[in-house]
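Note that the coordinates shown come from a computational prediction; the quantities given were computed from them, not determined experimentally. The first residue of the sequence shown is numbered 1, and numbering continues consecutively from there.
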Amino acid sequence: MARARSAVIAAIVRGILIAALATLGMMVLVGVAVVYLGMSDQAIAVANQIIKLVSIVLGVRFAVGIGGEKGFHLGFVVASAYMLLGYFLYLKLGGAEFNAVSMMGEILLGGAAGAAAGAVFANLRTSRRSAR
């Protein structure tokens, strides 16, 4: 029982770290695009949403794995924790606006995206090549 619990915690931490690293990498690319391409504020906002979604999917992929167990629940926890951590850092680093309803809506939407991604990854079958 304790071993299973620690494996779940390790998977959650691994998923959050992968999502955070993916976010950092993509934010660097967006920063370069802003400087050299002069992206508009609307384009930056869209890029930010895409970055969050891609980061959630990557984090859930590495937390659940292909054909993993409890993908729906694990995906929801990883995505929600990632979103909470992001908002916490945003507020600590001097985020200008704070709207609790909007924040909770985004966290729940992120959690839903993570749950959906986790369910998909858990229901994928491993290929015969990788099983050898």
Side-chain angles (χ1 to χ4, degrees):
M1 182 79 155
R3 183 175 290 199
R5 187 174 295 146
S6 64
V8 168
I9 292 171
I12 291 169
V13 170
R14 180 175 54 244
I16 293 169
L17 287 175
I18 293 294
L21 289 173
T23 300
L24 290 174
M26 288 184 278
M27 289 304 290
V28 167
L29 294 175
V30 169
V32 169
V34 167
V35 170
Y36 290 109
L37 301 177
M39 292 174 63
S40 68
D41 288 346
Q42 186 176 5
I44 294 170
V46 169
N48 185 35
Q49 295 301 320
I50 292 170
I51 287 170
K52 283 190 263 186
L53 182 61
V54 170
S55 296
I56 286 171
V57 171
L58 285 173
V60 170
R61 162 58 180 91
F62 282 94
V64 174
I66 302 297
E69 295 182 10
K70 300 185 184 203
F72 185 84
H73 297 99
L74 198 54
F76 180 80
V77 170
V78 167
S80 297
Y82 162 79
M83 294 294 288
L84 278 169
L85 178 65
Y87 270 105
F88 175 77
L89 289 173
Y90 173 74
L91 291 173
K92 284 295 180 185
L93 295 174
E97 292 181 25
F98 177 73
N99 183 342
V101 174
S102 175
M103 181 184 78
M104 285 306 298
E106 279 209 40
I107 290 170
L108 290 174
L109 283 172
V120 169
F121 288 127
N123 285 295
L124 290 177
R125 296 179 190 248
T126 57
S127 68
R128 291 186 186 247
R129 280 189 191 162
S130 64
R132 290 182 192 168

Testing the basics here: between [X] and [Y], what is the closest heavy-atom pair and its distance to 0.1 Å?
X: Ala63; Y: Gly15; answer: CB-CA, 4.0 Å
X: Gly68; Y: Ala122; answer: O-CB, 3.3 Å
X: Tyr82; Y: Ala19; answer: CD1-CB, 3.6 Å
X: Glu106; Y: Met83; answer: O-CE, 3.4 Å
X: Ser80; Y: Gly111; answer: OG-CA, 3.5 Å

Going only through I, L, V, M, F, W and Y residues with side-chain contacts under 4.5 Å, is there a path from [X] to [Y]?
X: Leu29; Y: Val54; result: no
X: Ile56; Y: Leu124; result: yes
X: Leu108; Y: Met103; result: no
X: Val77; Y: Tyr87; result: yes
X: Ile50; Y: Met27; result: yes

side-chain contact (heavy atoms from CB on, under 4.5 Å) with Arg61: which of Ile66, Val120, Val78, Ile18?
Ile66

Which value, rounded to the nearest 0.5 Å, describes the distance between [X] atom [atom1] and [Y] atom [atom2]?
X: Ile51; Y: Leu53; atom1: CD1; atom2: CG; value: 11.0 Å
X: Ser55; Y: Ile16; atom1: OG; atom2: CD1; value: 12.5 Å
X: Leu93; Y: Phe88; atom1: CG; atom2: CZ; value: 9.5 Å
X: Leu17; Y: Ile12; atom1: CG; atom2: CD1; value: 12.0 Å
X: Ser102; Y: Ile107; atom1: OG; atom2: CD1; value: 9.5 Å
X: Met26; Y: Leu21; atom1: CE; atom2: CG; value: 10.5 Å

Does atom CZ of Phe72 have more than 12 heavy-atom neighbours, drawn from other residues, nucleotides or ligands, at distances under 6.0 Å?
no

Tell me if the CD atom of Gln49 is crowded by more than 12 foreign heavy atoms within 6.0 Å.
yes

Report the C-alpha distance between Leu74 and Val60 in whole Å, list the side-chain angles of each, state the deciding distance to 0.1 Å, and finish with yes or no for side chain to side chain contact (heavy atoms under 4.5 Å, CB included).
CA-CA 8 Å; Leu74 198 54; Val60 170; over 6 Å; no

Evaluate the side-chain proximity of Leu24 to Val28: yes if any heavy-atom separation is below 4.5 Å, no if none is.
no

Hey, does Val64 have a side-chain heavy atom less than 4.5 Å from the side chain of Lys70?
no

